[in-house]
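Report on the structure given below.
Values below: all heavy atoms of this structure, side chains included; hydrogens, waters and symmetry mates excluded. Each chain gets a letter, A, B and so on, in the order its sequence line appears, and its residues count up from 1.
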Protein chains: 2
Amino acid sequence: MTEYLDHPTAEDIALPAVLTALGDETRLAIIAILARNGEKAMTCGQFLQLGSKTAISYHVAKLREAGIIHVRRDGTRRLLTLRRDDLEHRFPGFLDSVVTSAVAMQTPEVLDYPAAPETARGM
Amino acid sequence: MTEYLDHPTAEDIALPAVLTALGDETRLAIIAILARNGEKAMTCGQFLQLGSKTAISYHVAKLREAGIIHVRRDGTRRLLTLRRDDLEHRFPGFLDSVVTSAVAMQTPEVLDYPAAPETARGM
DNA sequence: CTAAATGTTCAATGAACGTTGAACTAACGC
DNA sequence: GCGTTAGTTCAACGTTCATTGAACATTTAG
């Protein structure tokens with residue numbers, strides 16, 4: 001029984017929701033790290049430096065519901081990716097400017113996230 | 001006794017605060033209208049289509065405290081301007097992208113704000 | 001001086017936010 | 001099957017948010 005996580009369609013991504021979702025230090029750090037990681041997906045576990053398991057789960061859900069990241073299952077893990085193309089389509093130039101400033105905001109320690117475990121199948 | 005309103009310096013403008021301040025429909029409408037008005041200052045009264053006097057006062061204070069707008073006295077009125085240069089300096093490309101999307105979001109009625117009364121002295 | 005115009009402040013309200021720890025679920029490894 | 005890994009859900013808590021109406025403050029106009 002494959003369960004699907006709710007993601008807004010590209011057209012349903014709303015600017016106030018996106019701005020609200022990004023208006024939090026933890027969530028800005030998450031997208032800064034995701035962006036620095038290129039196109040590669042990351043797991044929730046790689047963000048535990050930023051907060052408890054529960055807190056990360058909460059923030060990841062907020063980012064997903066706002067349409068900023070995509071989350072898919074990979075075994076017991078979740079693989080997170082930035083919805084770069086969808087965001088660029090809806091709000092041209094927005095994500096790049098936020099990511100640039102958000103990355104500049106972070107301390108080196110924050111950007112130095114732990115590697116993912118070796119179990120990835122989706123890659 | 002000239003009273004000064006608190007504005008963060010350019011360097012003290014913080015990205016999470018800016019994003020939080022813009023994550024509200026009313027405040028996005030205010031900056032969309034301000035941006036469409038060019039460099040000209042506008043008064044709080046010109047935004048009463050967006051909410052009560054109290055509500056506008058509240059939202060304007062939020063935008064000011066976040067460093068998004070500058071507010072100065074002009075008689076009994078307040079003159080509002082976007083802090084374009086300061087924002088561009090801190091977060092290059094950010095304001096433009098938000099303004100573009102925020103303007104596109106508005107209905108024509110919202111963008112068709114009332115003219116300011118003829119009392120302006122500061123210009 | 002008085003009255004009008006323009007905003008601000010205050011207290012109250014209900015909703016949403018972010019964090020916590022405990023309990024739970026789902027999938028993998030052996 | 002059994003335990004481990006990875007993450008979610010839930011209830012509880014205190015905080016901040018957005019709105020309202022009433023009262024107040026300040027400056028201009030006459």
Side-chain angles (χ1 to χ4, degrees), chain A residues 1-6 14 16-30 41-66 69-80 113-122, chain B residues 1-6 14 16-30 41-66 69-80 113-122:
Chain A
M1 168 201 158
T2 322
E3 50 89 46
Y4 277 93
L5 297 172
D6 269 359
V18 167
L19 291 164
T20 297
L22 292 176
D24 175 274
E25 310 241 11
T26 301
R27 295 193 292 261
L28 269 184
I30 291 176
M42 297 183 68
T43 71
C44 292
Q46 292 181 275
F47 298 100
L48 290 181
Q49 44 170 332
L50 301 176
S52 66
K53 236 171 25 162
T54 308
I56 297 303
S57 185
Y58 169 75
H59 289 303
V60 164
K62 287 274 170 189
L63 289 169
R64 173 177 53 76
E65 289 159 10
I69 66 177
H70 186 266
V71 183
R72 68 182 195 279
R73 236 181 215 296
D74 173 56
T76 73
R77 309 184 318 179
R78 305 290 169 126
L79 292 182
L80 318 185
Y113 51 84
E118 300 288 289
T119 328
R121 297 174 312 178
Chain B
M1 168 200 159
T2 320
E3 52 90 46
Y4 276 93
L5 296 172
D6 268 359
V18 167
L19 291 163
T20 297
L22 292 176
D24 175 275
E25 311 242 8
T26 302
R27 293 193 292 261
L28 269 184
I30 291 175
M42 297 184 68
T43 72
C44 291
Q46 291 180 277
F47 298 99
L48 291 180
Q49 44 170 334
L50 301 176
S52 65
K53 237 171 25 163
T54 308
I56 298 303
S57 185
Y58 169 75
H59 290 303
V60 164
K62 287 272 172 193
L63 290 169
R64 173 177 53 77
E65 288 160 9
I69 65 177
H70 187 267
V71 184
R72 67 181 195 278
R73 236 181 216 297
D74 174 56
T76 75
R77 309 183 320 179
R78 304 289 169 127
L79 292 182
L80 317 184
Y113 50 84
E118 299 289 288
T119 328
R121 299 174 309 176

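Between B/L80 and B/F47, the closest heavy-atom pair is CD1-CE1, 3.7 Å. For A/A66 against A/V18, the heavy-atom pair with the smallest separation is O-CG2, 3.7 Å.
Take A/E25 and apply the side chain to side chain contact (heavy atoms under 4.5 Å, CB included) test, not counting sequence neighbours, and it matches A/M105, B/P16. Looking at residues two or more places apart in sequence or on another chain, you find a side chain to side chain contact (heavy atoms under 4.5 Å, CB included) between A/S52 and A/T54, A/A55. Residues that satisfy the ring pair (Phe, Tyr, Trp, His ring centres under 6.0 Å) test with A/H59, not counting sequence neighbours, are absent from this structure.
Nucleotide D/dA25 holds its P atom 17 Å from the CG atom of B/L5, rounded to whole Å. Going from atom NZ of A/K62 over to atom C1' of C/dC17 covers 7 Å, rounded to whole Å. To the nearest angstrom, C1' of C/dG18 lies 14 Å from CG of A/L50. Rounded to whole angstrom, the span from the CG atom of A/L63 across to the C1' atom of C/dC17 amounts to 14 Å. The distance between atom CZ of B/R77 and atom P of D/dT28, rounded to the nearest whole Å, is 11 Å. In this structure, CG of A/D74 is placed 11 Å from C1' of D/dA6, rounded to the nearest angstrom. Whole-Å rounding puts the B/L79 CG to C/dG7 C1' distance at 12 Å. When the P atom of C/dG7 is taken as reference, atom CE of B/M42 falls 11 Å away, rounded to whole Å.
At a threshold of 4.5 Å between non-hydrogen side-chain atoms, the residues B/I69 and B/V71 count as touching. By the 4.5 Å heavy-atom criterion applied to side chains, B/R72 and B/R78 are not counted as neighbours.
For B/R27, a side-chain nitrogen or oxygen approaches OP1 or OP2 of D/dA18 to under 4.0 Å. Within the 4.0 Å cut-off from OP1 or OP2 of D/dT26, not a single side-chain nitrogen or oxygen of B/T76 is found. Note on B/K53: every side-chain N or O is 4.0 Å or more away from OP1 and OP2 of C/dT6.
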Nucleotide N/O of nucleotides 19-22 of chain C paired with protein N/O under 3.5 Å:
{"from": "C/dT19", "atom 1": "OP2", "to": "A/H59", "atom 2": "NE2", "distance (Å)": "2.5"}

